[in-house]
Amino acid sequence: MVTPGTAAATPRPAGLRLGLWGVLALAVAVTAFAQPRLEAHYLNRAGQADTATLRLATEVLRGVLERTEALPALIAERPILAQLLRDPENSGLVPFTNELLRQSALSLDVSDIYVMDLQGRTVATSNYRSDWSFLGRSFEFRPYFTDAISDGLGRFHALGTTSNQRGYFFAAPVIDRTELLGVVAVKISLDRFEETWANAESTIVVTDTSNVVFLSDRADWHFRTLGPVPEAAIETIARTRQYPPGTLAPLNARRAPLNDAMDLLTVTGADDVPEEFVSQTMLIAAPAWRVSILTPTAPAIAQAWTALGIAVLLVAVGALLAAVALQRRAQLMERIERQRSAQAELEARVQDRTRDLDAANALLRAEVEERRATEARLRRTQAELVQAGKLAALGQMSAALSHEFNQPLAAVKAFADNAGTFLARGRLAEARDNVGRISAMADRMAAISKHLRNFARRPQDKTGPIPVAAVIDDALELMAPRLQASAARIDYEAPGPDLWVMGGRVRLQQVIVNLISNALDAMERQEAKDIGIRVETDGTATEGTCAISVRDRGHGLSEAALAQAFDPFFTTKDPGKGMGLGLSISYNIIRDFDGTLSAANAADGGAVFTVTLRRMPGPIASGRDTGPDTGPDKGPDTGLAAE
Ligand code: ADP
């Protein structure tokens, strides 16, 4: 049998597996949906974090360029330059101008200031002291030179052919009154910007219109191209010696738009390892430079994956918790359902049982009722039978009684006749004696009649203390005619008048009469009819018991009689003689007194019937019918027993 507990604890592998697959599918779906968005978000954020850096770098660059732009024109105003250009070989003027330019370069914080004649040859320069002095060098191939002469302002960026430093060149013509004498050029070095950019995580790249990386904190990218170089530009670069020959190798860059302001830029360098950046660009108009900041995407992508991982984990944990909760709920519901059905079953069983019990109860009640009715009927019948038994006994006695009454009547007649005769003869003494005898006879007959009346009427005597001796005397007196007729001998030693027992006087007397009557019946066919009546008390205690036994010398009790003598209608007597009620009634009477009636065979033959009753200390003060003075034993001595 499976207990509810075991069933509830059984795991559900199928459900769990399904749940896990569900969670996995959910995780994949979340990843597929959220990853690109998260990545874009984090890339965008990373780019935005660098926007300010880009702006700053651009502004600084632009500021420096704008500040420097005006310098060549201002320097060209100096008269000494015109003088020098008019007399370039002047040995006094050249060193002076050189030194003047050097001082100016230092104070203006520019890389070089130099003066060229109309052929582009350098006649004076601030860097006259350095190893790579421009003195005597010609720059007529540089566009800033030609532009300065033709347009009044020249600008150019290039790798210095002499200094080998990247720089930005501004140039202005030296004009004396209306005569063009030469060109002043100011070069600023751009290398130092890269130094400041190098500290940041991101890379700053400055490209020109030819897509050539001119400035960058990544030195290996210098003079490489981030896009196609226009055909025309290649020729110009070569002619103007802008960049060292043999450079301009492409960087192999791919661009994809990220949002309005940013691109995703993938650069594959010489080591063939692609690097990915978020790229955003600002323009510096005058030199047509594009300043870009390249933010590495790796940290942002890692952040995106971390966030995604956390999200997936949270979703998975949430889903798992939900799955577990759902499963728990399902189990709980199942358990509740099981309990409910078990309870319903129990209730049904209880109802069945209750129905059975109710039926059994009803049956029992009916039986009890029936028993009560039967008992009542029995009691009624018993009472009637007692009465019938009495009447039967009366009938039995009637023969003896008629004899008993006839005898005194005849005697009364004889005495009366004799008294008449004695009166006539004047023998008054004899006449009085005869009248006395007549009176005694009348008393005796009155006593017998009273007993019969007592016996015949329904018992109405109360239960209470009664004198044993008086009751036995009454019974003997009542039985006297029969005893006499059958010539029975009574062996009886009367107890003292102070021996009292609990009982009803008339009913106990009936019992004794019945016992004596049975004893006589048992000895019917024998000559010697001995009846022994014993009254015994158990010691001297007033509250003890008293045993009255009636013993005969008859045939004794048979096996059947020993077993059933007290059963109603058990009789061994001839039909018409015995009703089998005497002992049964007697037994019930004694039981009503809280006493016992028992039967046994005496050791030396015959039957012994013993009535045991509770001893009482004496009469109740007001009891009239139980008092010794009111009982039938107080009647006149009839002399029957003695006859
Ligand atoms: P009944 O006298 O009408 O038969 P009882 O109830 O008085 O009814 O007695 C029942 C039976 O008990 C008698 O028929 C008899 O067999 C037996 N019995 C009663 N008293 C004696 C006795 N003294 N000796 C032998 N048998 C007795």
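When a ligand or atom number is given, it counts from 1 through the structure's own listing order.
On a distance-only criterion, His555 and ligand 1 share no N/O pair closer than 3.5 Å. Residue Leu583 has at least one N or O atom closer than 3.5 Å to an N or O atom of ligand 1. By the 3.5 Å distance cut-off applied to N or O atoms, Lys573 is counted among the residues near ligand 1.
The residues Glu345 and Arg349 are annotated as salt-bridged, a charged nitrogen and a carboxylate oxygen being separated by less than 4.0 angstrom.
Within the 4.0 Å heavy-atom criterion, the part of Asp552 lying near ligand 1 is the side chain and not the backbone. Contact annotation for Phe566 and ligand 1: no heavy atom of the residue comes within less than 4.0 Å of the ligand.
The backbone N or O of Val435 sits nowhere less than 3.5 Å from a side-chain atom of Ser439 that would complete a donor-acceptor pair. With hydrogens and angles disregarded, a donor-acceptor distance shorter than 3.5 Å links the side chain of Thr297 to the backbone of Glu276.
Taking each of Phe609, Phe570, Tyr587 in turn, the one with a heavy atom nearest to atom 10 (C) of ligand 1 proves to be Phe570. Residue nearest to atom 7 (O) of ligand 1, selected from Asn518, Ile516, Ile585: Asn518 (by heavy-atom distance). Nearest-residue assignment for atom 24 (N) of ligand 1 (options Ser584, Ala522, Ser517, Ala560; heavy-atom criterion): Ala522. Among Leu520, Leu557, Ile531, Leu562, the residue whose heavy atom lies closest to atom 17 (C) of ligand 1 is Leu557.
Near Thr571, meaning under 4.0 Å from any of its heavy atoms, are these atoms of ligand 1: 1 (P), 4 (O), 14 (O). Numbered from 1 in the order shown, with element, the atoms of ligand 1 that lie under 4.0 Å from a heavy atom of Ala607 read 22 (C), 23 (N), 24 (N).
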What donor-acceptor contacts under 3.5 angstrom involve side-chain atoms of residues 592-609, with partners at least two apart or in another chain?
| residue | atom | partner | partner atom | Å |
| --- | --- | --- | --- | --- |
| Asn601 | OD1 | Leu557 | N | 2.6 |
| Asn601 | ND2 | Leu557 | O | 3.0 |
| Asp604 | OD2 | Arg553 | NH1 | 2.9 |

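Under the 6.0 Å distance and 45° angle rule, Arg37 counts as a cation-pi partner of Phe33.
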Could you walk me through whether Arg551 and Ile531 pass the side-chain contact (heavy atoms from CB on, under 4.5 Å) check? CA-CA 6 Å; Arg551 185 189 62 78; Ile531 295 176; over 6 Å; no
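The closest approach between a heavy atom of Gly556 and any atom of ligand 1 is below 4.0 Å.
Screening residues 302-323 for side chain to side chain donor-acceptor pair (under 3.5 Å), with sequence neighbours left out, gives no hits.
The two atoms that bring Val535 and Cys546 nearest to each other are CG1-SG, 3.8 Å, heavy atoms only.
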